[in-house]
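This report concerns only the one structure given below.
The shown structure was predicted, so the numbers you read here are calculated from the model rather than taken from an experiment. Chain naming here is simple, since letters A, B, ... match the order of the sequence lines and numbering starts at 1 in each.
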Amino acid sequence: MNSRGLRSQLKDSVPVAGLCPQGAYGLQDSLRSGFSSVKNELLPSHPLELSEKNFQLNQDKMNMSTLRNIQGLHAPLKLQMEYRAARQIQRLPFLQSSNLALDTLKGSDDVIGFEDILNDPAQSEVMGEPHMMVEYKLGLL
Amino acid sequence: MATLTVSRPPFSGFSFDNCKRNALLEAEANKVGCGLPAARKTGTTICGLVYKDGVILGADTRATEGMVVADKNCSKIHYISPNIYCCGAGTAADTEMTTQIISSNLELHALSTGRLPRVATANRMLKQMLFRYQGYIGAALVLGGVDCNGPHLYSIYPHGSTDKLPYVTMGSGSLAAMAVFEDRYKPDMEEDEAKQMVRDAIAAGIFNDLGSGSNIDLCVITKGKVDYIRPHDEANKKGVRTGDYKYKRGTTGVLTKMVTPLALEVVEETIQTMDTS
């Protein structure tokens with residue numbers, strides 16, 4: 001069931017910024033990301049950047065701990081198990097999946113926010129190269 | 001062959017990728033002496049009032065972009081739900097999008113509960129969203145409506161604080177409008193008296209504040225009925241020209257007249273078909 005190779009798991013768990021520029025051939029892409037400096041990599045570019053990146057995680061943590069305090073340990077455990085099961089239903093690695101089951105479980109299927117209007121991943125103009133994405137997922141890369 | 005990289009799917013919602021580049025561009029522009037273009041603000045007078053049967057919301061109709069009037073007749077009273085309307089001051093795009101998102105969320109919520117939405121629900125949704133973005137969404141709102149508990153009026157500030165009051169004003173002309181309210185407000189007024197007072201408050205903002213102008217829009221919300229009066233009062237009409245520079249026929253005397261007919265003959269006639277499908 002856990003079809004991700006060890007190497008891809010390790011890579012995702014240790015995000016190292018600043019050592020490898022993101023442009024093609026490993027060169028700094030000045031047009032898209034501006035001039036490179038160590039300060040740019042370490043500090044957030046906007047006061048809201050960190051808060052927004054972790055917003056959903058923090059909300060989930062808060063809700064789970066409230067649930068644990070009210071209903072006991074079984075409630076968050078059962079919910080987490082259902083989320084994990086729903087998260088496994090995905091399309092191929094390079095295609096964006098709708099996450100319908102996960103949305104229904106979380107209750108975000110009847111809420112509209114900026115994440116549904118701006119930068120919708122289903123309508124992004126770039127797609128990962130299919131062979132690379134599948135090899136990365138399987139750990140063959 | 002270019003190197004291939006594994007790309008992560010883009011994060012949905014706000015993207016902060018261009019912030020550093022924008023900061024750099026702004027610094028460069030300021031060094032040269034020019035500035036970046038300003039966002040369109042509404043530089044506004046908006047106000048709300050609770051009277052005997054319900055709520056009256058009023059707004060002016062000028063949208064400014066720096067020192068220039070961008071829109072002489074913009075609509076600042078936004079629809080949230082059939083019984084709730086919201087006036088917006090601050091950055092025009094922010095107020096538009098925020099009220100539209102909250103309107104959609106309220107509609108979904110009402111479908112889920114099966115009841116008419118309450119003003120307190122809209123208020124809480126707005127304040128939670130504005131607090132999440134720590135004031136970077138520049139929307140100052142006056143939210144009013146009538147629900148099962150009676151008429152309610154809230155003012156919501158860009159950082160997320162709210163006040164529940166019988167009369168509120170917001171925007172750059174809020175002090176002028178508040179002066180009118182503080183002088184003449186009484187609880188449980190009649191509709192005509194209340195409409196006249198809101199009109200006078202907005203007019204005070206229009207004539208005493210540079211950021212507000214043009215017409216006065218009113219929205220009267222009662223239990224079961226909404227009266228969106230746009231415009232209620234055209235306080236600033238464009239002047240009518242009193243003089244005319246056209247000369248009458250016969251002003252210039254005609255001395256001689258010579259008529260030369262041009263004989264033209266048709267040489268070639270072609271038809272080009274257009275694809276009008």
Look at the side chain of A:Tyr136 and the backbone N and O of A:Pro93, then say whether any donor-acceptor pair between them is shorter than 3.5 Å. no
Quick check: does any side chain N or O of A:Asp116 sit under 3.5 Å from a backbone N or O of A:Gly113, one acting as donor and the other as acceptor? yes
Go through the structure and list residues passing ring-ring contact (aromatic ring centres under 6.0 Å, His included) with A:Phe114, not counting sequence neighbours. B:Phe14, B:Tyr133
Any residues in residues 135-155 of chain B near chain A, with a heavy-atom distance under 4.5 Å, and which are they? B:Tyr136, B:Ile137
Using non-hydrogen atoms and a limit below 4.5 Å, what part of residues 104-123 of chain B faces chain A? B:Ser104, B:Asn105, B:Leu108, B:Ser112
Partner chain B: residue of A:Val111, A:Leu48, A:Ile117 with the largest heavy-atom pair count (under 4.5 Å): A:Leu48
Option among B:Asp71, B:Asp60, B:Thr61 that satisfies the side chain to side chain contact (heavy atoms under 4.5 Å, CB included) test with B:Ser214: B:Thr61
Roughly how far apart are [X] [atom1] and [Y] [atom2], rounded to 0.5 Å?
X        : Y        : atom1 : atom2 : value
A:Lys106 : A:Thr104 : NZ    : OG1   : 11.5 Å
A:Ile89  : A:Arg87  : CD1   : CZ    : 11.5 Å
B:Tyr157 : B:Leu126 : OH    : CG    : 14.5 Å

What pairs with B:Tyr85 under side-chain hydrogen bond (donor to acceptor under 3.5 Å, both in side chains), at least two apart in sequence or on another chain? none
Measuring only between side-chain heavy atoms, which start at C-beta, is A:Gln90 closer than 4.5 Å to A:Asn99? yes
Going by heavy atoms in the side chains, are A:His131 and A:Phe94 under 4.5 Å from each other? no
Where does A:Glu52 contact chain B at under 4.5 Å (heavy atoms): side chain, backbone, both or neither? side chain
Side chain / backbone / both / neither for A:Phe55 at chain B, heavy atoms under 4.5 Å: side chain
Any chance you could lay out the side chain to side chain donor-acceptor pair (under 3.5 Å) test for A:Asp103 and A:Ser108, step after step, and finish with the verdict? CA-CA 5 Å; A:Asp103 274 349; A:Ser108 59; 3.1 Å; yes
So which of B:Ile101, B:Leu25, B:Asn22 has the biggest tally of heavy-atom pairs under 4.5 Å with chain A? B:Ile101
Residue part contacting chain A, namely of B:Met125, when any heavy atom lies under 4.5 Å: neither
Specify the closest pair of heavy atoms between B:Ser212 and B:Thr45, including all atoms of both residues, with the distance to one decimal. OG-OG1, 2.8 Å
